[in-house]
Every structure is written in C-alpha cells, then in structure tokens.
Amino acid sequence: MRLDQYLSTSTALSRKDAKKVISQGRVYVDGVPARSANLQVAVGATIELDGSELHLPGELYLMMNKPDGVISATTDNSQPTAVDLLPSPLASQVHIAGRLDKDTTGLLLLTSDGQWSHQVTSPRRDCPKTYQVQLAAPLSSEARAQLEAGVMLKDENKPTLPATVRVCSDAAIELTINEGRYHQVKRMLAAVGNHVTGLHRLRIGTITLDPALAPGQYRELTENEIRSITGRA
Ligand code: URA
C-alpha cells in the first residue's frame, strides 16, 4: 500500500491532506522521515504521524515459515516464540492459529481474528493439514494402510480419522490429516512402529507455505488465502 493511502485509511485525513503532511516531514516510516507519498509501506513497518503510531483498521492475517527451536506461543519468559519474530506493531495484535511443536518447522498462521482462527483449528471444520515427515525407517505397506484407515493413539480411545499418505522417498512421506490432536503426527507414526525424525508443515487447507519465505520470515495472506478458510467467495 502507498504511504498516502496508508495515512488516509488509518486516520481521518483525505488523500490530499495525507500528501501534505508527508511533504511537511510529519510522517516517519520506521523512524525515518518520509518524503514521498508513493512510498510502498512494507508489512510490519512502523508509521508515525506527529510522533503517534498509526494502525490500519481491520484484522491481520499472516503466514510465517516457523524456524526450528521457537515455540508456538505469543509470549514466554524463557524461550523465543514465533510471535517474537514479528515487529512489535504486529506482534501485539496477533495470536497463533494452529500450533506447531518447537522442533517442527513450516507453515504457521497468525491472525488477530479469533473467529477465523477457530475455523482453522476447530475439529468440526474440514481443514486438512499436510506435513512433510522424515522417518527413522521406511514406511511399510501395512503401516501405510493403518495410517490411511485410522490408528489408535496411546492413551486415547478413539482412532484418528483416515489420513492421506504420499510416499516421497524411502524414509520421507507427505501426510495429510484432518484433525489437530496433541503431537498428532509423531504419535501416529509411533502407533505404527516408526519414529518421526523431522517434521515440516506444508499446507493448511489450500494455503501452501510460500517458498519465498526463509525460516523466520512472514508475509500477509492474500484475500483468496483468507477466504479459502471461511469458504466465502
Ligand atoms: N503433529 C506433531 O506431532 N507435531 C506438530 O508440530 C504438528 C503435528
């Protein structure tokens, strides 16, 4: 979004007045006075007018490529969190829609919209999640059939819903599940006598992790990506 548009959306200023305050040097972008109304505002940039920080109205929807070693939480006293990786104006507004283990990498959705995140995580919604799974041993055909039919997890009394398995190489599969139970993928593989050595989330519904995002990077979701979760056209 252009800087003058950002100002007119986040304040009562008209586009013309927005251009004026920019040329008067009253607008700062990431601490630097902005002189051009054409400037493209990056996601997460801090915009100030006369020393006050501005925010766009509406909800925020982000995807992040979660790195290994950060926890899926908004704050933690002792460990780095995924939300810590966002600039403070964004971090203060979002929560995580569908957690990953500390050692799992890949697609993490963050939003300020509680209803939307409920649709991502609710067991009653059909929102499949696809994981790239590295295994300690090749998946036997019996184990594959068990995962596809549903397996009983340790200490639970209801089998998992049928999953989809795609064998990628000897000890690597893509697994699509339709639930979000605690440590589900690791426990499913343990239930069929294997062991997960690496886990990466690739997709939630039809939202695929953007390959341009390096670990720790994030971007805003597109309108289509946001709507793909709610099913609204
Ligand atoms: N299943 C797991 O076991 N861990 C994750 O982080 C996500 C799904």
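Order of appearance sets the numbers: ligands from 1, and atoms from 1 within every ligand. These numbers come from the heavy atoms of this one structure, side chains and all, not from hydrogens, waters or symmetry mates.
Among the atoms of Arg99, none of the N or O lies under 3.5 angstrom from an N or O of ligand 1. Considering backbone and side-chain atoms together, Arg187 places no N or O closer than 3.5 Å to any N or O of ligand 1. Where the criterion is an N or O separation shorter than 3.5 Å, residue side chain and backbone included, Lys186 meets it with respect to ligand 1.
Atom numbering of ligand 1 starts at 1 in the shown order; those under 4.0 Å from a heavy atom of Leu199 are 1 (N), 2 (C), 3 (O), 4 (N), 5 (C). For ligand 1, the atoms closer than 4.0 angstrom to any heavy atom of Tyr131 are 7 (C), 8 (C). Atoms of ligand 1 found under 4.0 Å from any heavy atom of His183, numbered from 1 in the order shown, are 1 (N), 2 (C), 3 (O). Listed by number with element, the atoms of ligand 1 under 4.0 angstrom from any heavy atom of Thr104 are 4 (N), 5 (C), 6 (O).
Asp103 and Lys186 are joined by a salt bridge, as a carboxylate oxygen and a charged side-chain nitrogen come within less than 4.0 angstrom of each other. Between Lys102 and Asp68, no side-chain nitrogen of the basic residue sits less than 4.0 Å from a carboxylate oxygen of the acidic one, so the salt-bridge criterion is not met.
The side chain to side chain contact (heavy atoms under 4.5 Å, CB included) test with Tyr218 singles out one residue from Leu90, Asn65, Leu110, Asp210, and that residue is Leu90.
At a 4.0 Å heavy-atom cut-off, ligand 1 does not touch Val196 at all. Contacts with ligand 1 closer than 4.0 Å are made by heavy atoms of both the backbone and the side chain of Val185.
Residue contact annotation: Tyr182 has no non-hydrogen atom under 4.0 Å from ligand 1.
Side-chain N/O atoms of Thr111 and His95 include no donor and acceptor closer than 3.5 Å.
Counting only distance, with no hydrogens or angles, the side chain of Thr160 and the backbone of Gly150 share no donor-acceptor pair below 3.5 Å. Listed for the Arg219 side chain is no donor-acceptor partner under 3.5 Å among the backbone atoms of Leu213.
Evaluation of the salt bridge (Lys or Arg N to Asp or Glu O under 4.0 Å) test over residues 169-184, restricted to residues two or more places apart or in two chains, returns Glu156-Arg181, Arg166-Glu174, Glu179-Arg181.
For the pair Thr104 and His200, the minimum side-chain heavy-atom distance is 4.5 Å or more.
Closest protein heavy atom to atom 4 (N) of ligand 1: Asp101 OD2, 2.8 Å.
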